[in-house]
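A, B, ... follow the sequence lines: proteins, then strands. Residue 1 opens every chain.
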There are 2 protein chains.
Amino acid sequence: MTDVAREVGVTAKTVSRVLNDDGPVAAETRRRVMEAVRRLGYQPNLMARNTRVGARDAAIGLVVPELGNPFFGTVAGGVEGAVRARGLTLIVGSSDETAGHEQALIATFLARRVSALMVVPAADGDHRHLRAERVAGLPIVFLDRPAAGLTADCVVSANREGARAGVAHLIAHGHRRIGFVGDLPAALYTRRERLQGYRDALDAAGLPFDRALVETGHDLEAAARATLRLLALPDPPTALFAGNNLASMGAVVALTRAGRKDVALVGFDDLPLAEALDPPLTAVAQDPAAVGAAAAGLVLARLDGDRSRARRVTVPTRLIVRGSGELPPRTI
Amino acid sequence: MTDVAREVGVTAKTVSRVLNDDGPVAAETRRRVMEAVRRLGYQPNLMARNTRVGARDAAIGLVVPELGNPFFGTVAGGVEGAVRARGLTLIVGSSDETAGHEQALIATFLARRVSALMVVPAADGDHRHLRAERVAGLPIVFLDRPAAGLTADCVVSANREGARAGVAHLIAHGHRRIGFVGDLPAALYTRRERLQGYRDALDAAGLPFDRALVETGHDLEAAARATLRLLALPDPPTALFAGNNLASMGAVVALTRAGRKDVALVGFDDLPLAEALDPPLTAVAQDPAAVGAAAAGLVLARLDGDRSRARRVTVPTRLIVRGSGELPPRTI
DNA sequence: TTGACATATGTCATCGTTGACATCGGCTGT
DNA sequence: ACAGCCGATGTCAACGATGACATATGTCAA
């Protein structure tokens, strides 16, 4: 910046004024500064700008469990769009679903003095350590899953209600033994909520809850094995409810491998190829981009000075009926 | 930091020494400093650290076209793993496949003084403006697609060879009219390479190249429409080659909707549900995580002082035979 | 005993940028 | 014609951290 100033014959302060549209600058000076900036290829140093007291970086930190999972990718995309419109930069990091990595990422984001923090908490995360930051006024919003040990803004899908609707759909088609293929770990918020929705639907229909019908797998192959275990039970389910996108894919793959096109299936989370499957997959569709956008909206409101108390936003889900959920129960 | 120092009764410099393991510090002082750090919840300000001349931020900037596309998500995951092991932070931004957004992102990364830049270039990007940075020694690596107008490190998949193998597979099963469903825009590097591989295979078999058999769509639905256009030709193809993951999904969806299980299909890029489709999808599998990891490896080598000239790394692809590519040609 | 050296800590300046305040002409209104 | 003001620019300090160099205390060999 000093170089640019020297080139034009003014002080760094004047250059700063030009670049920030701050204070009066003669049109001619402005022109010459701009020209020198271009000629020298000068780029302001954002790091230095932010050393001044209390200054915050024009970046927002987002922590997701896995970058490779399209669900979180789409969430991040939703956040990015909303945030970019405000001239803020989104910094994304992946916690690998590990509390340790999550804390490390949050620490580097804080050290960078991001102006807000958005977190999809790892299953075993703990966010009490963020209380001080929250009190200090840093906007913190949790996505997809609420914070552990901290009252904070939060945007989640209608997990319980969505799962209830999906399972009720199976019950309405005559099923009485319905398997649940869920996420690992069992303590994961989304899994607990969806399992609760599953139980709600059973209760409403007067059906018993059978712990043996709940199986678990944390990736596609594990979910496929979980599905096969359910099918191998002495009194197997005639329908399955899959608790997330990987579980859905695992269940589809397992049913295909086992040649069991007669088992009804409803998945939580829609899949791009849902309609191309045989039978086409009935799904409880989430709207991950909307979750991201809603969270970004909350953050921006907080940045604009909204000091109201922590809010929880629930993004609705939608049951998409395609065929796999309407198969009649068939005893083997 | 001054607060911590005052608390312990030393200078900021001593605290700095403790935190950076730099220079000799008495064990007792170190202990008291650490304790004060913990008690006050002090966190070093990374921004300030980087104001000193030539200092670089311990972050690497990664630009991808779309966060929501699982291909790029997986690439980013591969990068992140390799980079984290070195204590570097990965900053990801999405260019929305737009040259303007891409430039803006790169500019903010540079302003943040990232220690390296990794870019999946937007289709219409231009990277001449990065020449100065490259000369100045900033490691810059391009992923999935090479830079435009700049000689730089680059990691790509074996697009041409992979496509050739996929199309040759269809030819080996008797197909003579093979449609190509590709990406938009036509200028996109990966599309050009894969189309070239398609032509290579035709040439090798002495088959003519028919421009009418090349169709295009930039998302799943557009690819589905492109597929239907091919099937509606007067002399339609008996097999299809899809040029990327979205095109594959679009083709699968279109064939399903049209009830055309007799059309052979090979997709570039494997899909998680490939084996659950009917017929199961034969695919040329890329290894996106390996692309990311290889690029990260290049960056780390450059950071370690490797000044050799720009390298191009090609990550091999693998043909996975499952059924859809082995259907015999059937005239309608 | 002394000087050479190591250890432990402090002092000062600096990075690039921007707030707070100062300066210096010229213009306006009376 | 002069006070008062505004526009244009400059001066200075400060942000938080760390390199370069200085100082103070202790240790040991000659």
Going 5' to 3' along DNA chain D, between which two nucleotides do contacts with chain A fall, using a heavy-atom cut-off of 4.0 Å?
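Result: dG7(D) to dC15(D).
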Return the pairing partner of dT27(D) with a 3.5 Å limit on both distances, Watson-Crick or G-U wobble; otherwise return none.
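With both distances under 3.5 Å, dT27(D) matches dA4(C).
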Short side-chain donor-acceptor distance under 3.5 Å, [Y] and [X]:
X	Y	value
S157(A)	Q286(A)	yes
D306(A)	S308(A)	yes
H127(A)	E102(A)	yes

I'd like to compare against my own output: the B/S/- annotation of nucleotides 16-28 of chain C with a strict under-4.0 Å heavy-atom distance to protein.
BBBBB--------
Indicate yes or no: at least one non-hydrogen side-chain atom of [X] is less than 4.5 angstrom from one of [Y].
X	Y	result
L117(A)	L110(A)	yes
L150(A)	R131(A)	yes
Y189(A)	D144(A)	no

Would you call E7(B)-R32(B) a salt bridge at under 4.0 Å N-O?
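So E7(B) does not pair with R32(B) through a salt bridge.
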For residues A99(A) and G125(A), report the shortest heavy-atom separation together with the two atoms involved.
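Closest heavy-atom pair between A99(A) and G125(A): CB-CA, 3.9 Å.
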